[in-house]
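As C-alpha cells, the structure follows; a few thoughts come after it.
Bear in mind that the values here come from a model prediction, so they are computed numbers and not experimental data.
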Amino acid sequence: MASTDQEQQQPFVTLVSGDGFEFVLPRSTACISKTLAMMFDPSSKFSEALSGRCVLENISGVVLEKVCEYLCYNEKNKTQINVPDMDIPPELCLELLMAADYLDV
C-alpha cells in the first residue's frame, strides 16, 4: 500500500503564508524542512499529506518567501562546497530565525 501512496504523491506542494501568499515548491525541496516532511508524509494522518497544501498561519508572506528561497538555495547547492551565504535583510532576521526553528531547517 505504501507504493500506491508514493505513486499518488504530488510532485509539487503549496505553502501558504498567514497573509495569503502562496508558494509552490517541489515536494523534495519543501521536505528539507523536517516539520514539512512530517506534514507531507503520505503515511501520516495530516490533511496536508492529502491536499499537498500547508497553511502556515504564523509566518508572513515576506518571511515565507525568504524561507522558500532558502529551501531552493539549499537544494540547489547541497553537493557544493564553499557556497556563499544568502543575503538576509537584517529586519527579517528575528522572524526568519523563529520560522526556521518552527520548520526545523
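- Cys31 SG to Glu75 CD: the interatomic distance, rounded to the nearest 0.5 Å, is 10.0 Å.
- Taken together through direct or relayed side-chain contacts under 4.5 Å among Ile, Leu, Val, Met, Phe, Trp and Tyr, Met86 and Leu92 form part of one hydrophobic cluster.
- Taking CG of Asn74 as the start and CD of Gln80 as the end, the distance is 12.0 Å to the nearest 0.5 Å.
- From Ser17, atom OG reaches atom CG of Asn58 across 11.5 Å, with rounding to the nearest 0.5 Å.
- The two residues Cys72 and Thr29 come nearest to each other via the heavy atoms N-CG2, 3.7 Å.
- With a 6.0 Å radius and a threshold of 12 heavy atoms from other residues, nucleotides or ligands, Phe21 has its CZ atom at or below the threshold.
- Between Ser47 and Leu50 the shortest side-chain heavy-atom distance does not fall below 4.5 Å.
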message = Set out, in order, the CA-CA distance, both residues' side-chain angles and the distance that settles side-chain contact (heavy atoms from CB on, under 4.5 Å) for Val83 and Tyr73, then state yes or no.
response = CA-CA 10 Å; Val83 177; Tyr73 189 79; 3.3 Å; yes

request  = Starting from the C-alpha separation in whole Å, work towards a yes-or-no answer on salt bridge (charged side-chain N to carboxylate O under 4.0 Å, His left out) for Glu22 and Arg53.
outcome  = CA-CA 9 Å; Glu22 297 187 7; Arg53 182 179 172 88; 3.0 Å; yes

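- Surrounding CG of Asn77 are more than 12 heavy atoms belonging to other residues, nucleotides or ligands, all under 6.0 Å away.
- Remark: the backbone N or O of Leu103 is paired with a side-chain donor or acceptor of Ser33 at under 3.5 angstrom.
- Under a hydrophobic clustering in which Ile, Leu, Val, Met, Phe, Trp and Tyr are joined whenever their side-chain heavy atoms come within less than 4.5 Å, directly or via other members, Tyr102 and Phe40 fall into the same cluster.
- Ile88 and Leu71 fall within the same hydrophobic cluster, defined by Ile, Leu, Val, Met, Phe, Trp and Tyr side-chain heavy atoms under 4.5 Å apart, directly or through other members.
- Looking at Pro11 and Arg27, their side chains never come closer than 4.5 Å, going by heavy atoms from C-beta outward.
- Taking 4.5 Å as the limit, every side-chain heavy atom of Cys54 sits out of range of all side-chain heavy atoms of Val16.
- Between Asp104 atom CG and Leu36 atom CG the span is 10.0 Å, to the nearest 0.5 Å.
- The shortest non-hydrogen separation linking Val67 to Ala99 is CG2-CB, 4.1 Å.
- Checked against side-chain contact (heavy atoms from CB on, under 4.5 Å), Glu65 has the following partners two or more places apart in sequence or in another chain: Phe23.
- Looking only at side-chain heavy atoms (C-beta outward), Met39 and Ser44 stay at 4.5 Å or farther from each other.
- Interatomic distance, Leu64 CG to Glu95 CD, rounded to the nearest 0.5 Å: 11.5 Å.
- Lys66 contributes atom NZ, which lies 12.5 Å from atom OG of Ser60 (distance to the nearest 0.5 angstrom).
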